[in-house]
2 protein chains.
Amino acid sequence: MGMSKCEQCIIKQFNSLKALTKDELLRISGCKTSKVIKKGEVIFEEGDMLNGVFCVKDGICKLSKLSANGKDQIVKLVVKGDLLGQRSLIGDESANLSAVALNDMEVCFIPKSEIMSDLQNNSNFSMDVLQQMAHDLKESDNVIVNMAQKSVKQRLAESLLYIYEHFGNNDDGYLSVVLSREDYANIVGTATESAIRILSQLKKEGLITTSGKQIKIEDVNGLKRIE
Amino acid sequence: MGMSKCEQCIIKQFNSLKALTKDELLRISGCKTSKVIKKGEVIFEEGDMLNGVFCVKDGICKLSKLSANGKDQIVKLVVKGDLLGQRSLIGDESANLSAVALNDMEVCFIPKSEIMSDLQNNSNFSMDVLQQMAHDLKESDNVIVNMAQKSVKQRLAESLLYIYEHFGNNDDGYLSVVLSREDYANIVGTATESAIRILSQLKKEGLITTSGKQIKIEDVNGLKRIE
DNA sequence: GGCAAAACATGACAAAAATCATATATTGTT
DNA sequence: AACAATATATGATTTTTGTCATGTTTTGCC
């Protein structure tokens with residue numbers, strides 16, 4: 001528990017922690033705890049007060065929100081290198097989203113007091129976090145436009161491409177992120193049956209192939225071209 | 001042009017500029033320019049490089065993005081007291097959205113260099129901006145969930161309530177923000193005809209009344225209850 | 001390996017929303 | 001005031017998407 005050292009951890013290169021000084025990293029290293037989270041486990045839930053952030057060392061989780069009609073909407077996928085929970089910490093609010101592991105994960109938990117004091121005192125760090133949030137906001141706006149203006153088929157195709165471009169394939173050419181049909185439906189905001197139906201269509205059209213839950217993108221441009 | 005003084009401007013109380021020191025405000029006051037923008041005028045467009053932020057002293061504008069199918073999606077309404085353009089500045093990217101005045105506006109333009117140096121040097125200011133962005137991100141997530149999971153009628157009802165609760169009525173009881181039916185359609189992400197049709201329905205159901213473009217909310221709870 | 005539960009698949013139908021057509025009202029301009 | 005341009009309104013129809021039903025496959029577990 002918490003034996004490895006932040007200053008030597010390569011993961012930090014991918015997130016705002018890279019802006020911290022060696023001293024700050026040493027302090028964080030001393031008070032962080034690292035945990036293993038099993039597939040399907042809840043990291044935190046909507047409404048929870050977080051008292052720190054999670055730095056994802058391995059694995060993937062989904063951030064989702066339960067809507068009034070009882071369906072879960074997946075808002076974001078968080079992967080190796082990402083930080084988790086900064087927004088609630090900074091806004092000093094309870095979590096707006098739930099985080100659930102999609103496969104086995106390894107995360108480090110850094111207590112709130114550390115992060116907040118570094119944000120106050122290290123302007124490189126706060127600027128980096130600011131930039132990250134500006135970027136996230138831009139992405140959110142784009143998602144809103146897509147949700148509002150595109151068909152379910154287009155949105156599903158784009159989700160496949162997003163996963164393909166951001167998280168890549170594994171050795172056998174299948175997407176490295178493996179989601180259930182229900183998860184896809186919850187990303188796109190549609191009924192599970194509709195997601196299944198459209199994936200079948202895409203198969204027939206030769207744009208993807210599948211093997212169980214695994215999906216292989218066969219024609220990137222074809223997916224991009226969907227009316 | 002630019003004669004009034006930031007340190008005395010009450011508008012700043014509503015945004016992150018309140019976290020600046022008197023000296024910083026004096027400096028900004030010296031280099032800002034204030035402009036009047038007519039209804040329908042474009043403040044900036046998608047892809048423009050901004051070299052400063054706008055502080056809205058009066059009026060309302062819409063932030064929207066053109067989607068692939070040629071329709072505009074309105075992502076946010078910006079009103080008196082809000083800042084405009086921070087995200088592009090912070091992210092050092094071209095504007096992701098277009099800003100168009102919905103009525104006559106008065107804004108102050110503050111050059112990039114000023115804002116960025118204050119962000120670097122005044123941690124109260126950067127923390128305030130950070131909190132604002134954390135809040136915006138939360139709002140964005142909620143919009144995504146609504147777009148994905150709710151019917152057009154529910155979304156339109158919520159938009160009316162949003163405007164009612166955030167911007168209020170004017171003396172005669174009509175919403176103080178006056179939008180065209182097309183604007184409503186572009187907020188909700190639907191066809192203009194659908195927006196018109198649903199507003200007619202809401203009238204028949206006694207939840208709203210209208211007079212030309214003006215809309216009066218007659219039954220807040222009724223609007224909230226829409227299945 | 002066998003069994004139950006969960007996930008996937010697909011058809012039939014219903015509901016929601018988009019599109020097309022057309023009519024009326026409002027607004028801005030001369 | 002008259003006109004054109006724009007915005008609002010509403011009907012008819014088509015397309016998209018959701019729901020319900022039912023069967024098949026896969027998965028986890030004893």
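Just so it is clear, the structure is predicted and the values come from calculations on it, not from any experiment. We name chains A, B, ... by the order of the sequence lines, and we start the count at 1 in each one.
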message = Taking the nucleotide of DNA chain D with the nearest heavy atom to each, does A:G189 or B:S180 sit closer to the 5' end?
response = B:S180

task = Return the 5'-most residue of the pair B:G212, A:I198 with respect to DNA chain D, ranking by each residue's nearest nucleotide.
result =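 Its nearest nucleotide lies further toward 5', so the answer is B:G212.
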
Tell me: [atom1] of [X] to [atom2] of [N], nearest whole Å?
X	N	atom1	atom2	value
A:E227	C:dA18	CD	P	15 Å
B:I196	C:dA21	CD1	C1'	14 Å
A:N69	C:dA16	CG	C1'	14 Å
A:Q149	C:dA17	CD	P	15 Å
A:R181	C:dA9	CZ	C1'	9 Å
A:D183	C:dA6	CG	P	16 Å
B:K153	C:dA18	NZ	P	15 Å
A:I208	C:dC8	CD1	P	13 Å

query = Using 4.0 Å as the upper bound for N to carboxylate O, is an ion pair formed by A:E205 and A:K153?
reply = yes

inquiry  = If the threshold is 4.0 Å, N to carboxylate O, is there a salt bridge linking B:K62 and B:D183?
reply    =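 So B:K62 pairs with B:D183 through a salt bridge.
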
Would you give the length of the straight line joining atom [atom1] of [X] to atom [atom2] of [Y], rounded to the nearest 0.5 angstrom?
X	Y	atom1	atom2	answer
A:R87	A:Q132	CZ	CD	10.0 Å
A:D82	A:K76	CG	NZ	6.0 Å
A:Q214	A:N170	CD	CG	6.0 Å

With a cut-off of less than 4.0 Å, is there a side-chain N or O of [X] near OP1 or OP2 of [N]?
X	N	answer
A:S200	C:dT10	yes
B:S194	C:dA18	yes
B:K213	C:dT26	no

inquiry  = Let's go through B:K224 and B:D219 carefully: what are the C-alpha distance in whole Å and the side-chain angles of both, what is the deciding distance for salt bridge (Lys or Arg N to Asp or Glu O under 4.0 Å) to 0.1 Å, and is it a yes or a no?
reply    = CA-CA 9 Å; B:K224 285 184 183 166; B:D219 182 354; over 6 Å; no

message = Side chain of B:R197, heavy atoms from C-beta onward: which of C:dC20, C:dA17, C:dT10 has the nearest atom to it?
response = C:dC20

Remember a base hit wins even if backbone is also touched, and classify [X] as base, sugar-phosphate or nothing at under 4.0 Å, heavy atoms.
X	answer
B:K150	nothing
B:T192	nothing
A:S151	sugar-phosphate

ask   = Which nucleotide span of DNA chain D, 5' end to 3' end, has atoms closer than 4.0 Å to non-hydrogen atoms of chain B?
value =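 Answer, 5' to 3': D:dA7 to D:dA12.
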
request  = Find which nucleotide of DNA chain C each of A:A148 and A:K203 is nearest to by heavy atoms, and output the residue with the more 5' nucleotide.
outcome  = A:K203

query = When you measure from the centre of the six-membered ring of A:F14, is the NZ or CZ of A:K80 under 6.0 Å away and within 45° of the axis?
reply =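 The answer is no; the distance or angle limit is not met.
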
request  = Run the numbers on A:I187 and A:Y162 for side chain to side chain contact (heavy atoms under 4.5 Å, CB included), then give the verdict.
outcome  = CA-CA 11 Å; A:I187 290 173; A:Y162 179 86; over 6 Å; no

